[in-house]
Protein chains: 2
Amino acid sequence: MNQDSILRSLVADNLVSDPAGARGRLLHEAAKLFRDKGYERTTVRDLAAAVGIQSGSLFHHFRTKEEILKAVMVETIRLNTALMQAAVDAASTHREKLQALIRAELESINGQTGEAMAVLVFEWRSLSEESQVYVLELRDIYEQLWLDVLETLRQDGVLAADPFVVRRMLTGALSWTVTWYRPDGGLTLDDLTAQVVAMMGLTSL
Amino acid sequence: MNQDSILRSLVADNLVSDPAGARGRLLHEAAKLFRDKGYERTTVRDLAAAVGIQSGSLFHHFRTKEEILKAVMVETIRLNTALMQAAVDAASTHREKLQALIRAELESINGQTGEAMAVLVFEWRSLSEESQVYVLELRDIYEQLWLDVLETLRQDGVLAADPFVVRRMLTGALSWTVTWYRPDGGLTLDDLTAQVVAMMGLTSL
DNA sequence: TTACAAACCAAGCGCTTGCTTGGTATTGTC
DNA sequence: GACAATACCAAGCAAGCGCTTGGTTTGTAA
């Protein structure tokens with residue numbers, strides 16, 4: 001299962017919009033705008049212009065502006081949960097599984113889905129409370145993947161800290177890369193992954 | 001130099017507003033509102049109401065709404081730079097200096113200045129570009145403190161990763177605590193500091 | 001060709017926003 | 001007690017916002 005086939009499978013199940021379709025294109029542009037300007041500063045006119053339609057026409061596809069934000073977040077989580085699951089499954093040892101997770105999350109944050117991931121981190125408060133509840137449930141599945149792997153490492157005696165705390169620290173550390181990491185800065189994602197592993201004192205893979 | 005005397009000294013030098021004064025109170029309330037609702041969602045009417053005046057009266061103290069955001073950020077950085085400097089100076093060994101920095105930053109993020117620190121992290125994009133440049137300069141001083149300490153640890157052979165990358169990872173990890181850490185959750189800030197140190201494999205202090 | 005729904009446009013409504021204005025209390029100073 | 005500076009209020013303006021409306025085009029299938 002490579003990344004493309006995972007995406008296609010999700011599209012087929014209607015869990016993620018086809019990036020080539022009208023809805024998918026809008027969500028992609030919306031993610032870009034939301035990341036660059038913030039949700040509040042992005043107007044429905046901006047969103048409409050980005051896909052070449054009138055602002056009013058947006059409301060044919062989405063009932064409210066917030067529904068667009070929610071869709072961006074929901075689809076991003078769905079895609080990334082699937083990608084993470086695949087990354088874990090592909091790795092064999094516990095340490096490799098962690099490394100695979102770190103690498104995959106860095107990829108999510110700084111690669112194709114980067115805009116949407118940044119939105120997930122920084123535009124959380126712009127979601128209505130009920131949407132937050134829904135998105136949070138999806139996120140729990142995603143988080144459990146991490147916690148399971150970290151727990152095994154703890155039992156192996158490789159990790160000294162609490163898995164729960166470690167995961168939250170890693171969430172922050174990895175999310176934050178979106179604010180400073182640039183692929184063309186002489187540091188590849190593999191390098192970055194290695195740095196994180198080194199920082200945790202787990203270099204001896 | 002305890003925290004209170006540091007604050008008083010900054011107030012005396014007019015680098016930070018007196019928390020008891022009109023301006024200081026407004027900035028404190030603004031930080032709270034900006035954190036809770038976001039800068040864009042907070043109206044000048046909200047800000048005025050929080051200190052019991054009319055919205056128009058705000059513009060007697062600040063020329064624009066954005067100037068309020070900028071002031072919150074600038075004063076927070078000034079205060080925290082001084083606090084960090086004191087924390088480093090008070091510690092003796094290299095490891096203790098790092099631990100002191102971590103502890104101090106956790107305190108900043110989750111203690112008294114927590115609202116303002118959260119604003120600094122999450123409302124960055126709402127600053128005008130020229131304000132960003134100014135705030136960034138202040139931040140560099142602050143960051144240099146960290147880099148110096150991390151570099152010594154690297155030379156000691158205790159830290160395997162690049163100080164620059166480590167600092168950025170720590171920035172993310174520590175900032176992120178604002179989204180999940182609650183002092184009443186059975187985990188003290190000392191515990192949390194210990195967890196971070198443990199996560200970095202530096203437990204043997 | 002006809003029928004019908006999905007996709008879209010042009011216009012604008014009602015409301016909220018940041019900020020301005022002209023004037024009135026309050027405070028500090030000699 | 002005079003006088004200015006400071007702090008504030010009450011009212012509202014211009015612009016921009018999310019979203020609605022009524023009508024037109026486009027795509028699809030019999």
Side-chain angles (χ1 to χ4, degrees), chain A residues 11 14 17-73 119 123-132, chain B residues 11 14 17-73 119 123-132:
Chain A
V11 170
N14 245 341
S17 303
D18 184 350
R23 185 185 155 100
R25 277 208 325 278
L26 171 68
L27 289 181
H28 190 72
E29 294 298 323
K32 256 197 245 181
L33 284 165
F34 289 162
R35 183 196 58 177
D36 293 343
K37 312 176 47 167
Y39 173 77
E40 301 289 342
R41 291 180 109 91
T42 304
T43 69
V44 293
R45 288 164 180 81
D46 291 334
L47 293 169
V51 289
I53 59 174
Q54 291 295 106
S55 69
S57 307
L58 270 187
F59 296 88
H60 176 73
H61 301 279
F62 296 90
R63 278 200 316 255
T64 63
K65 180 188 171 190
E66 195 229 333
E67 201 172 85
I68 300 176
L69 177 62
K70 183 178 171 184
V72 168
M73 292 186 171
V119 170
E123 303 300 333
W124 182 251
R125 273 169 323 178
S126 296
L127 269 190
S128 71
E129 212 143 329
E130 51 179 340
S131 295
Q132 283 189 19
Chain B
V11 170
N14 244 342
S17 304
D18 185 349
R23 187 185 152 100
R25 279 209 324 279
L26 172 68
L27 289 181
H28 189 72
E29 293 299 322
K32 254 197 247 181
L33 284 165
F34 289 163
R35 184 197 57 177
D36 293 344
K37 312 176 48 168
Y39 172 78
E40 301 289 342
R41 291 179 109 93
T42 303
T43 69
V44 293
R45 289 163 180 82
D46 292 334
L47 293 169
V51 290
I53 59 174
Q54 290 295 105
S55 70
S57 308
L58 268 188
F59 295 89
H60 176 75
H61 300 279
F62 297 89
R63 280 201 316 258
T64 63
K65 181 188 171 190
E66 194 228 335
E67 202 173 83
I68 299 175
L69 177 63
K70 183 179 171 183
V72 168
M73 292 187 172
V119 171
E123 303 301 333
W124 183 251
R125 272 169 324 177
S126 296
L127 268 190
S128 71
E129 211 143 330
E130 50 180 341
S131 295
Q132 284 190 18

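Chain letters run A, B, ... following the sequence lines, proteins first and then strands; every chain starts at 1. Small disclaimer: the values here were computed from a predicted structure and weren't measured.
Considering only side-chain N and O atoms, B:H60 lies nowhere under 4.0 angstrom from the phosphate OP1 or OP2 of D:dC8.
For B:K37 and A:E40, the salt-bridge test fails: no basic side-chain N is under 4.0 Å from an acidic carboxylate O.
The nucleotide whose nearest atom lies closest to any side-chain atom of A:I53 is, among C:dC8, D:dC17, C:dT17, C:dC8. Across C:dC19, C:dC9, D:dC19, the shortest atom-to-atom separation from the side chain of A:Q54 is found for C:dC9. Here the side chain of A:K65 is nearest to one of C:dC19, C:dA7, D:dG18, namely D:dG18.
Separating the CZ atom of B:R63 from the C1' atom of C:dT20 is a distance of 15 Å, rounded to the nearest angstrom. We find that CG of A:L33 is positioned 12 Å from P of D:dG18, with the value rounded to whole Å. Rounded to whole Å, the distance from NE2 on B:H61 to C1' on C:dT20 is 16 Å. Atom-to-atom, CZ of A:R41 to P of C:dG18 comes out at 11 Å; the value is rounded to the nearest Å.
At a threshold of 4.0 angstrom between heavy atoms, the contacts of A:S55 include nucleobase atoms, whether or not backbone atoms are also involved. Across all strands shown, B:S57 has heavy atoms under 4.0 Å from base atoms, whether or not it also approaches the sugar-phosphate.
The base of C:dG18 sits within donor-acceptor range of the side chain of B:R45, with an N or O pair under 3.5 Å.
Across every non-hydrogen atom of A:S128 and A:E66, the tightest pair is N-OE2, 2.9 Å.
Of the two residues contacting DNA chain D, namely A:T43 and A:G56, the nearest-nucleotide position lying further toward the 5' end is that of A:T43.
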